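Here is the structure we will look at, set down as structure tokens.
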Amino acid sequence: KDRLARIFDPKSGRTVMLAFDHGYIMGPTAGLERIDLVIPPLIPYVDVLMGTKGVIRSCISPAQRVARCVRVTYDSTVLYDDMSNGGGIACDIENAIRMDADCMAVQTFIGASGESRSLELLCRTADAGARYGIPTLGVVAVGKEMERTEKFFLLATRVLAENGANIVKSYFCDGFERVSAACPVPIVIAGGKK
């Protein structure tokens with residue numbers, strides 16, 4: 001509850017999460033080429049930063065008083081058509097503890113060939129996090145072939161919550177009120193250029 005209170009504003013129950021973990025599968029992306037220069041000035045305006053262990057360690061000062069959500073899984077890069085094949089733990093629980101992580105993020109691939117493996121990683125991370133009081137953020141991935149419908153997000157968000165995610169990161173869709181009502185844990189809506 002202490003870590004969740006750092007992520008979600010205790011009065012509003014809402015959060016602004018600044019994710020800059022895209023490089024772990026995409027390399028430098030537009031606007032995030034120099035994370036060391038772009039992200040620090042934005043910290044006063046967000047509740048939580050979401051990044052990989054390498055970038056958080058190298059670009060975010062430990063003196064910054066902001067919640068940290070560490071991407072703890074690795075996946076195939078955008079060079080592969082099916083990025084769900086492969087993947088594993090990139091940051092174990094001991095590293096997350098040393099980094100004083102407030103949350104651990106796991107990418108999942110509901111409906112893709114790597115679905116089972118990604119759910120196993122989510123379950124293992126949630127179990128490890130529960131032992132030390134570190135919540136797990138289950139991230140709903142949507143690949144090129146995946147539908148972005150209410151039906152899909154109803155399934156994906158609920159599956160992640162049922163498998164131990166304390167928070168789910170998903171996308172907005174028509175009918176999102178029903179998606180959020182059917183998910184028993186808080187949902188963070190993914191942003192992007194739009």
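The residues of the chain are indexed from 1 along the displayed sequence. Owing to the predicted nature of the structure, the values given are computational and were not obtained by experimental measurement.
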### Partners meeting side chain to side chain donor-acceptor pair (under 3.5 Å) with Ser113 (sequence neighbours left out)
Asp82, Ser84, Asn85
### Message
side chain to side chain contact (heavy atoms under 4.5 Å, CB included) for Leu32 and His22? Distances and angles first, verdict last.
### Response
CA-CA 9 Å; Leu32 294 175; His22 308 76; 3.6 Å; yes
### Qualifying side-chain hydrogen bond (donor to acceptor under 3.5 Å, both in side chains) pairs with a residue from residues 162-176, counting only residues at least two apart or across chains
Arg158-Glu162
### Query
side-chain hydrogen bond (donor to acceptor under 3.5 Å, both in side chains): which pairs involve residues 38-63, sequence neighbours left out?
Arg57-Asn95
Side-chain contact test, heavy atoms from C-beta onward, threshold under 4.5 Å: evaluate it for [X] versus [Y] and give yes or no.
| X | Y | value |
| --- | --- | --- |
| Ile167 | Val188 | yes |
| Val48 | Val66 | no |
| Val139 | Met50 | yes |
| Phe109 | Leu119 | no |
| Val70 | Cys103 | no |
| Pro135 | Arg3 | yes |

### Task
Just do the side chain to side chain contact (heavy atoms under 4.5 Å, CB included) check on Leu160 and Thr108 with the steps written out, would you?
CA-CA 8 Å; Leu160 271 55; Thr108 62; 3.4 Å; yes
Just how far is it from atom [atom1] of [X] to atom [atom2] of [Y], taken to the nearest 0.5 Å?
| X | Y | atom1 | atom2 | result |
| --- | --- | --- | --- | --- |
| Ile89 | Thr73 | CD1 | OG1 | 6.5 Å |
| Leu49 | Cys69 | CG | SG | 9.5 Å |
| Leu121 | Ser116 | CG | OG | 9.5 Å |
| Leu154 | Thr149 | CG | OG1 | 8.5 Å |
| Arg14 | Phe8 | CZ | CZ | 11.5 Å |

### Message
I'd like to know if Asp36 pairs up with Arg34 as an ion pair, taking the criterion as any Lys NZ or Arg NE/NH1/NH2 lying under 4.0 Å from an Asp or Glu carboxylate oxygen.
### Response
yes
### Query
Are Arg124 and Glu120 close enough for a salt bridge, meaning some N to O gap below 4.0 Å?
yes
### Message
Show, in sequence, the C-alpha distance, side-chain angles and deciding distance for Arg6 and Asp102, and conclude whether the salt bridge (Lys or Arg N to Asp or Glu O under 4.0 Å) test is met.
### Response
CA-CA 7 Å; Arg6 289 183 229 164; Asp102 295 294; 2.5 Å; yes
### Query
side chain to side chain contact (heavy atoms under 4.5 Å, CB included) between Leu155 and Ile110: does it pass, once the steps are laid out?
CA-CA 8 Å; Leu155 172 70; Ile110 304 302; 4.0 Å; yes
